[in-house]
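In what follows, a single structure is set out as structure tokens and then discussed.
These numbers were taken from a predicted model, which means no experiment stands behind them. Protein chains get the first letters and strands the later ones, always in sequence-line order, with residue 1 at the start of each.
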Amino acid sequence: MNRKKDKGFETPLFLNVLTCYVMFIPHTTHQVVCINNINFQRKSVIGFVELTIFPTVVNLNRIKLNSKQCRIYRVRVNDLEAPFIYNDPTLEVCHHESKQRNLNYFSSAYTAAVSAVDPDAGHGELVIKVPSELWKQGDEMNVLKVYIEFSLDQPKGGLHFVVPDVEGSMAERGAHVFSFGYQNSTRFWFPCVDSYSELCTWKLEFTVDASMVAVSCGDLVETVYTHDMRKKTFHYVLPIPTAASNISLSVGPFEILVEPYMHEVTHFCLPQLLPLLKHSMSYLHEIFEFYEEILTCRYPYSCFKTVFVDEAYVQVSSYASMSIFSTNLLHSAMIIDQTPLTRQCLAQALAQQFFGCFISRMSWADEWVLKGISGYIYGLYLKKTFGVNQYRHWIKEELDKMVEYELKMGGVLLHPTFGGGKDKDNPTPHLHFSIKHPHTLSWKYYKMFQCKAHLVMRLIENRISMEFMLQVFNKLLSLASTASSQKYQSHMWSQMLVSTHSFLKSISNVSGKDIGPLIKQWVDQSAVVKFFGSFAFNRKRNVLELEIRQDYTSSGTQKYVGPIKVTVQELDGSFNHTLQIEENSLKHDIPCHSKSRRNKKKKIPLMNGEEVDMDLSAMDADSPLLWIRIDPDMSILRKVEFEQADFMWQYQLRYERDVVAQEESILALEKFPTPASRLALTDILEQDQCFYKVRQGACFCLAKIANSMMSTWTGPPAMKSLFTRMFCCKSCPNIVKTNTFISFQSYFLQKTMPVAMAQLRDIQNLCPKDVLNFILDLIKYNDNRKNKFSDNYYRAELIDALTNSLTPAISISNEVRTVDNLNGDVRLILEEITRSLNMEKLLPSYRNTITVSCLRAIRMLQKNGHIPSDPSLFKSYAEYGHFVDVRVAALEAVVDYTRGMHRTSPSEVSRTHPIPYVVHKILSMLGKNPPFTKAAESPLCNEALVDQLWKLMNSGTSHDWRLRCDAVNLYYTLFGLTRPSCLPLPELGLVLNLKEKKAVLNPTIKPEQGPDTTEMTGITMGVHIPGLITMETVSSVSMSSGVAPPPQGLKRKLDSVVGPLGSSSPEPGQVLQEEDTSKKFKIRFNTVEEDEIDMESPHDSQAFIHHHLNILERPSTPGKEPPAVDQAVLSLPVTPLPSSFGKESTSSSKHSGDHHHHHHHHEHKKKKKKKHKHKHKHKHESKDKERDSHAFSNSPASGRSARSPSMSD
Amino acid sequence: MADPAVMAGGFTFRGGKATSSPAENYQLARRRTLQVVVSSLLTECGFESAEKAAVESLTEMIQRYISEVGRCAKAYCEHTARITPTLSDTVVTLIEMGFNVNTLPVYAKRSQRMVITAPPVTNAPVIPKALIAGQKRTHPSHIPSHFPEFPDPHTYIKTPTFREPVSDYQVVREKAASQRRDVERALTRFMAKTGETQSLFKDDITAFPLIAARPSSIPYLSALLPSELELQTLEETDSSEQDDQTDSENTPGNNLNDDPGADKENSMLPPGGVVPSVKASEENMIDNPYLRPVKKPKVRRKK
């Protein structure tokens, strides 16, 4: 792709980045952010920033900053008006109504667009021309002060406004606003150098309503009333050099809680939640103590703030000296299940304060170090607080998750170096997105990336010992804290940035060990190792012949060479062996220590020194081997499939004390449905000392085994008698004891057992009547009156158990489901569900867990054909205004519905506010459970859907990196990398549909409808699915086509298929893209910046990319005009606009939205004459531009109103 | 004067419908007499005719006046522990109401006065009898007979019902469970009947009615805060944690009261409102910037 860039990246990345910004980026040393006005009603923000820039180059004539969606009124450099250009190529990734529609093309264009504004490379959306008067100053290296006035109007990214629709003042309503974003996203809410490597000191000022509190980074110096006493200004100072990306803000009528143990820590929550906050935070000081102790380092900032907000983007996000959490993490003392989760979130946030906020990263490629260290010390915290079992369980879980992802998707690369090798500049060709920038990553990939990072840190710890590891961390921190107190001029600040190189150097300095091979294997290289193990015992030689094979050819795998630990439990004890995995040796001989003869000695020593009695009758008389484990400490990122006899697994389950081994054996025993396995599992279930998660796993395994052993199973259904013995009354075994939940272990077991039991099936493949009645009795006799804990999770799991017990209805297909032909058992189940769901309305449970379970149950009933399949119930629960967990559950059901039914639903109207988290959830759920995939044929796969989705990722999600990547993921799942198969070739007017044996007029040209019904429904569906997506994103607009009854509505639907922009509704923002464009127009209307206009037309921003980077090898870009960037920089004095533009701007934006409609419609019709159209448009705009400027110079007000009609012709 | 029928004269029977009950007849007759009085007074003053409405109004006024005189007179007499008003009571009443009593004899003896026939005798209304339950008790010997009678037996008698309390654990649990279930079912059915519902079936929308999902404007509050029932349960079950509980229960009240807005910072946050777990002595030591008072703007800042 970009050759020039490749060259630049050939040097080691660490150095390269340094040179990079020494050369291009003048340093910001101090930045002032002042937000004067936050309007909750209009969701707008007005303020200014002032950057103190230290020019490191002579003749600095241009400054590039990052800024997205901000409207910039004026820029001054040292009090001189400065012209500027604003161009954001990521607004619309692919220009031209390209018929390409292939993901490869999109991904490269997107990467190019992100690169074009990458602050690490010295680029930015906002280019300021330094007035020539100041050029000389550059020579003398004097500081420049860049002053930028900006505003934000209804931001879709960066800042999130939550304004509940109730009576009262904003404070009474609990309205609040907070910053959010994925990776460096600060540019969304104020202009800055949005890079983690660009550190500067900060002064932050926020003027908010007197009833509100503004919480931001740094120390609150003072709070001052404004002159009218109706507002107050919060003055924050952050003297520690901090990256702009680590700056955040939240404003709301928060309740304040000062941490009783540490007065410099302050917690904030929304009104009425203070008691919950008090309880949830009662633990925080211990986490503080833990980290400070292991790192032997004080918490780096002088204060810490936690803010709990509604509609949070992620559960936890950390910024310099503050963290923003989801309010849903708060809980009362009655809640069991949420408690550990909340504490874990707190611990994560705090770990990131040290590594991530205080210590930042040199470049994106070094991200893994920060994520790794913070994840690693978080793991240490887990180990200390929740115990070794929990820790090892967590490590196994994370490892399994990551291995599964890598094997499925291809490798996860921690430390990408670009352009080094010969395989082009893409180190991960197996992925459908680029990993060059954090903003192009799929969210799931990023999760796995974090997961791998901390696992690798653990591997390093295994190699150099924990002591050294902590010393390294301490060294990094102390260097950074020394640097932080220095002045900028001392050039010490880069010590606060960690890079892979510096990290590795510290490790080798501290430990004196060479961890090069380890880094090479796991950090510089993607993929995991896949082992297959089997063994034979050679009796004559008394040797264990172990064979370890590897699969390193399939995707996501790599070859491992090096040591591997094998633990063999023999009769005489447990022995560790370290084998060397080499190129060609598969077999390893391990001498056994014990003779195969049965020892008289009864006790068998275990690994941990314990000696136990075992019943050895099950084992092979000739062999002394009890069980064998490969890589028991998980010191390789691997998947092991090991074969050993069933009795060995059973011994391992019973007697191995490591929870990981126990879980492995439980998994393995699924394949051995024998009475012995049953006994082993039952024993584990009954053992109090056993880790509760192992016992939970045993429940499910037992259910599976029972199902496999169906014909030979004797006695009552599995687990029933066990449950009765453990949890039911002695005198009346059919009645469960009243809840106490004093022992959490038994609580979790009590929750799990019914769910597992419900998976049991009899010979007819139905859930046994016994079991169902048993569960119904549990629900009936559940009594929580004497319990100090809430039973909401338990009751929810009982509903889940009911769900699990459901089996497909026996019926003739297409039979309409009615109440009368409802199966008796199902009727009972449905009654329970109905009652529980209704009770939730009157007495809602914590986090509405029961509603969530009920919705799942109803979907399952529908899916199994017991009740008519109908998404309308779920749609009502998916609406804005329900608790987020409920919405997600409901949306999941709707997504499932679109998959299950290849029919359309009458309406797909979900009136919702755009909550980024929910939209993200929808997209990822659609990705996980797609209505169809690239492999399968589906009537849903049609051009309209392609168009919608394309539009969504191309321009509709420009405000949120995560969403865009989600959209890309979905597109990939649905259509694959290449051009979607359902698209007609662009040249052809007629499309032959071989399957249906007929020709259809190319729908891009004319929306004529064929008589085929399947296709009709297909198309309507096509509208509906993205309808779901866009509806979510776009604020509360009902899709007219969706509501209309099918027969008459068809025509209208088709219209919207062809051009969603061409729909007759004149509302702005009906479709995402429109909103964006209208925003662009708005900028023009209001600021009348001549400079900006050129940049706005897609044509020129395209050219912009070309010019600066020569990136795109576009298949068809003839007649490209050289960009006229410099020409565009007219040094017209910019008239600052009075801040009272409010109404006019909205009205004009409406017009512009309208105007855009036309254009697009136009576009659609004239797709073939793409190029012509473009020129035409361009001309149009320049004409308008002239007109604009005239109008403005004559009379601004009249000009503004007169312009909008002129635009729309 | 203190005639209860007059006292209750607020009723109007303008409809003039044929009435049947003796009470109404009684009142109608009195009213008619009053009307005659008004008409004769009018004639006396020289009116030849009057609109019906006017007459009605005057009747109403006179009735009110008489009622008031009666009521006051009765009050006076009761004040002096009598039960029948005397002349002096009436006189005091009239004086109290601003009537010059001295003019009364002259007025009464005026020449042109008209004589009105007494109202027809009708039976006084009968007070309906209360339900008779049981035997009415007579006074025991030690109570003088002039004391009021016992109230109707239904107001005090009780019917003893007695059953062995069920102590069998199984039965108790069974009963508690089914009772709770019945209550829940009835309650949800009622809610479903009276409000909007959603249905799972198209053919029979009453089959399994679900209370319609209604979005709330602040959904997290109900989802996160423990319900009152739960709090109550907690209180009942655990007295050892009573202190903690009341603490956390009181605080939301506090916060609601002192309104999370306006002068929160200004008032330095009431002790206990924010850091209740810290003793008062420590209170002074807390130096948190968010608790400091908000500064007044500097006047000098104007430029």
Practice task
Name the region of A/L842, side chain, backbone, both or neither, that has any atom closer than 4.5 Å to a heavy atom of chain B.
Solution key: side chain
Exercise for the section: Please report the shortest heavy-atom distance between A/V221 and B/R292, naming the atom on each side. Expected result: O-NH1, 3.9 Å
Completion exercise
If you tally heavy-atom pairs under 4.5 Å between each of A/N782, A/L330, A/D885, A/V162 and chain B, the highest tally belongs to A/N782
Practice task
Determine the option with the most heavy-atom pairs under 4.5 angstrom with chain B, choosing from A/L843, A/T327, A/L837.
Solution key: A/T327
Fill in the blank from the handout: Scanning both residues in full, the closest heavy-atom pair of B/I211 with A/N838 reads N-OD1, 2.7 Å
Practice task
Identify the heavy atoms of B/S217 and A/D165 that sit nearest to each other, and give their distance.
Solution key: CB-O, 3.7 Å
Practice task
Under 4.5 Å heavy-atom distance to chain B, tell me which part of A/L830 shows up: side chain, backbone, both or neither.
Solution key: both
Fill in the blank from the handout: So, the part of A/F874 with a heavy atom under 4.5 Å from chain B: the answer is neither
Exercise for the section: Pick one of side chain, backbone, both or neither for B/Q198, based on which atoms fall under 4.5 Å of a heavy atom in chain A. Expected result: side chain
Exercise for the section: Check whether any side-chain N or O of B/R185 sits under 3.5 Å from a backbone N or O of A/E831 as a donor-acceptor pair, and report yes or no. Expected result: no
Practice task
Go through the steps to decide whether B/L224 and A/R847 satisfy the test side-chain contact (heavy atoms from CB on, under 4.5 Å), and finish with yes or no.
Solution key: CA-CA 6 Å; B/L224 297 180; A/R847 293 194 77 153; 4.2 Å; yes
Handout entry: Side-chain heavy-atom pair A/K780, B/R180 within 4.5 angstrom cut-off
Key = no
Handout entry: Winner by heavy-atom pair count (cut-off under 4.5 Å) against chain B, out of A/I735, A/N792, A/D209
Key = A/I735
Handout entry: Closest contact, heavy atoms only, A/M334 versus B/P226
Key = CE-CB, 3.2 Å
Fill in the blank from the handout: Applying a strict 4.5 Å limit to non-hydrogen atoms, the region of A/I335 in contact with chain B is neither
Problem - Heavy-atom check, side chain of B/Y290 versus side chain of A/L220, under 4.5 Å - result: yes
Handout entry: chain B contact via A/R827 - side chain, backbone, both or neither, heavy atoms under 4.5 Å
Key = both
Handout entry: Residue A/T738 versus chain B: region with a heavy atom under 4.5 Å
Key = both
Handout entry: Test item: B/P297 and A/M229 side chains (from C-beta on) under 4.5 Å apart, heavy atoms
Key = yes
Handout entry: Residue A/C303 versus chain B: region with a heavy atom under 4.5 Å
Key = neither
Problem - Engaged part of A/S332 at the chain B interface, taking heavy atoms whose separation is under 4.5 Å - result: side chain
Completion exercise
The interface call for A/H331 against chain B, heavy-atom contacts under 4.5 Å, is neither
Handout entry: Residue pair B/P219 / A/H882, side-chain heavy-atom distance below 4.5 Å
Key = no
Handout entry: Part of B/R214 within contact of chain A (heavy atom distance under 4.5 Å)
Key = backbone
Handout entry: Within-4.5 Å side-chain heavy-atom neighbours: B/L221 and A/L273
Key = yes
Completion exercise
Looking only at B/L187, B/T188, B/I218, most heavy-atom pairs under 4.5 Å shared with chain A are made by B/T188
Exercise for the section: Name the member of A/T266, A/L861, A/N848, A/V884 that forms the most heavy-atom pairs with chain B at distances under 4.5 Å. Expected result: A/T266
Fill in the blank from the handout: Correct closest heavy-atom pair for A/Y781 and B/A177 would be CD2-CB, 3.6 Å
Practice task
Would you mind checking which part of A/N734 comes under 4.5 Å of any heavy atom in chain B, side chain (CB onward), backbone (N, CA, C, O), both or neither?
Solution key: side chain
Problem - chain A contact via B/A176 - which portion, at a heavy-atom distance below 4.5 Å - result: side chain
Handout entry: Heavy-atom closest pair, residues B/R173 and A/D783
Key = NH2-CB, 4.1 Å
Exercise for the section: Please flag which part of A/V886 lies under 4.5 Å from any non-hydrogen atom of chain B: side chain, backbone, both or neither. Expected result: neither
Handout entry: Contacting region of A/K231 [heavy-atom separation from chain B under 4.5 Å]
Key = neither
Exercise for the section: Can you tell which part of B/Y169 gets under 4.5 Å to a heavy atom of chain A, answering side chain, backbone, both or neither? Expected result: side chain
Fill in the blank from the handout: If one checks every heavy atom of B/S227 against chain A at 4.5 Å, the contacting part turns out to be side chain
Problem - Proximity breakdown for A/E832 and chain B, heavy-atom pairs closer than 4.5 Å - result: side chain
Practice task
Report yes if the side chains of A/L822 and B/F208 come closer than 4.5 Å at any heavy-atom pair, otherwise no.
Solution key: yes
